[in-house]
2 protein chains.
Amino acid sequence: MKYTKATNYALHIMAYFVKQEGKDNLSLQPLASHMDISPTYLSKILTQLVKADLIQSTPGVNGGYSLRKPKTEISFYDVIQAIEGSGALFTCEMDENRACHIEKVMRDAEEKMVNHLKEKRIYNIV
Amino acid sequence: MKYTKATNYALHIMAYFVKQEGKDNLSLQPLASHMDISPTYLSKILTQLVKADLIQSTPGVNGGYSLRKPKTEISFYDVIQAIEGSGALFTCEMDENRACHIEKVMRDAEEKMVNHLKEKRIYNIV
DNA sequence: TAATTAAAGACAAATACAGTCTTTATTATC
DNA sequence: GATAATAAAGACTGTATTTGTCTTTAATTA
Ligand code: SF4
Ligand code: SF4
């Protein structure tokens, strides 16, 4: 179990957006060379961030990407969830057993991690 | 990112050992039918648990597996680590940068989860 | 020695992840 | 309206990880 590379990229991308806040739209090509990722792959990650409402995109001339929300409102968790999805880390088939103590321990543990990731904002670290 | 099925199996297996504490060695075949896993696959999981010193194995007639430590000393984390390994969930290539704040947030978050998993013992939930 | 058990390792299948390529849709400018 | 610049979508491929099987070897007991 590891975070995906896409999550790593996404965090770095968002950190860059937070740094550049207020500037013009950033378009794919310059971003790709700055981040040293292929433009098409970067595009897929950016699209996921757009769908999660963390950034917005505008097509056409002078288009590109920019932050959607105030930078102070973007947590690590927001970014991670945009890429990794929102399912629990631990699941089992015979689910819907609310009395299961194994699941409870695992979910409580995950929640501790998640809470920390919700507290920390990207702008805290740029 | 998800916990592997093997981790799920391992937790259930260890819970079973804790329940059966004090009884004779459990051998592969009966364990496999109780857990409803194929014996050879189960064997691989058990071998990992043996290597992590959570259970011990004895070959030969009347051999099998049994707990290695007092049941009160076996945490969720012990079991999970035996299967998932001990590497951090979040890593990046250009590592060894101790000043990196992204890594710090991610590791601190993971630590919160890990601490909870270290506190909780398998015998707490059987 | 024979029977019973676990360990090791080669192998195969399925799934998830990483990344590329091509086509389509949207917007701005001329 | 045509053209250029941009993002979005989706098919596709390669690689890595996970899950699982099969066969052989080693250890122990009787
Ligand atoms: S005991 Fe809990 S974790 Fe195990 S299979 Fe049932 S619901 Fe899932
Ligand atoms: S900034 Fe931190 S997380 Fe990013 S590549 Fe450098 S060390 Fe890794």
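Letters A, B, ... are given to chains in the order of the sequence lines, protein chains preceding strands, and every chain is numbered from 1.
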Note, Ile13(B) side chain near Leu42(B) side chain (heavy atom, < 4.5 Å): yes
Spacing of Tyr65(A) atom OH relative to dT27(C) atom C1', expressed in whole Å: 14 Å
dA8(C) phosphate, OP1 or OP2, under 4.0 Å from Lys51(B) side-chain N/O: yes
Nearest-0.5 Å distance that lies between atom CD in Glu21(B) and atom CD1 in Ile74(B): 8.0 Å
Rounded distance (Å) that lies between atom C1' of dT29(D) and atom CG of Asp24(B): 15 Å
Gap between atoms NZ and P, on Lys2(A) and dT15(D) respectively (whole Å): 22 Å
Contact list for DNA chain D against residues 35-44 of chain B - heavy-atom distance below 4.0 Å: Ser38(B), Thr40(B), Tyr41(B), Lys44(B)
Results of side chain to side chain contact (heavy atoms under 4.5 Å, CB included) for Ser38(A) - residues two or more places apart only: Thr40(A), Tyr41(A)
Whole-Å distance separating the CE atom of Met1(B) from the C1' atom of dA16(D): 17 Å
Validation row: Lys104(B), Asp108(B) side chains within 4.5 angstrom (heavy atoms): yes
Met106(A) vs Leu11(B) side-chain heavy atoms within contact, under 4.5 Å: yes
Separation of atom CG in Leu28(A) from atom P in dA9(D), rounded to whole Å: 14 Å
Lys5(B) vs dT15(C): side-chain N/O to OP1/OP2 distance below 4.0 Å: no
Nucleic acid contacts - residues 80-89 of chain B versus DNA chain D, non-hydrogen atoms under 4.0 Å: none
Nucleic acid contacts of residues 56-64 of chain B, taken as heavy-atom distances under 4.0 Å to DNA chain D: Pro59(B), Gly60(B), Val61(B), Asn62(B)
Spacing between Gln48(B) atom CD and dA6(C) atom P, to the nearest angstrom: 16 Å
Touch class at under 4.0 angstrom, heavy-atom based, for Tyr3(B) against every strand present: nothing
Atom-pair distance (CG on Leu49(A); P on dA9(D)), nearest Å: 13 Å
Enumerate donor-acceptor pairs with a distance under 3.5 Å from any side-chain N or O in residues 43-50 of chain B to protein atoms, sequence neighbours excluded.
from     : atom 1 : to       : atom 2 : distance (Å)
Thr47(B) : OG1    : Ser43(B) : O      : 2.9

Exceeds 12 heavy-atom contacts within 6.0 angstrom, atom NZ of Lys2(A): yes
Separation between CD1 of Ile102(B) and CG of Asn124(A), rounded to the nearest 0.5 Å: 12.0 Å
Integer-rounded Å distance: dC17(C) C1' and Ile45(A) CD1: 11 Å
Only pairs under 3.5 Å count here: list side-chain donor-acceptor contacts from residues 52-66 of chain A, not counting sequence neighbours, and write none if there are none.
from     : atom 1 : to       : atom 2 : distance (Å)
Asp53(A) : OD1    : Arg68(A) : NH1    : 3.4
Gln56(A) : NE2    : Ser66(A) : OG     : 3.4
Gln56(A) : NE2    : Leu67(A) : O      : 3.3
Thr58(A) : OG1    : Asn25(A) : ND2    : 3.0
Ser66(A) : OG     : Asn25(A) : OD1    : 3.4

Asp78(A) side chain to Ser75(A) backbone, donor-acceptor under 3.5 Å: yes
Geometric class of the Tyr3(A)/Phe90(B) ring pair [parallel <30°, tilted 30-60°, perpendicular >60°]: perpendicular
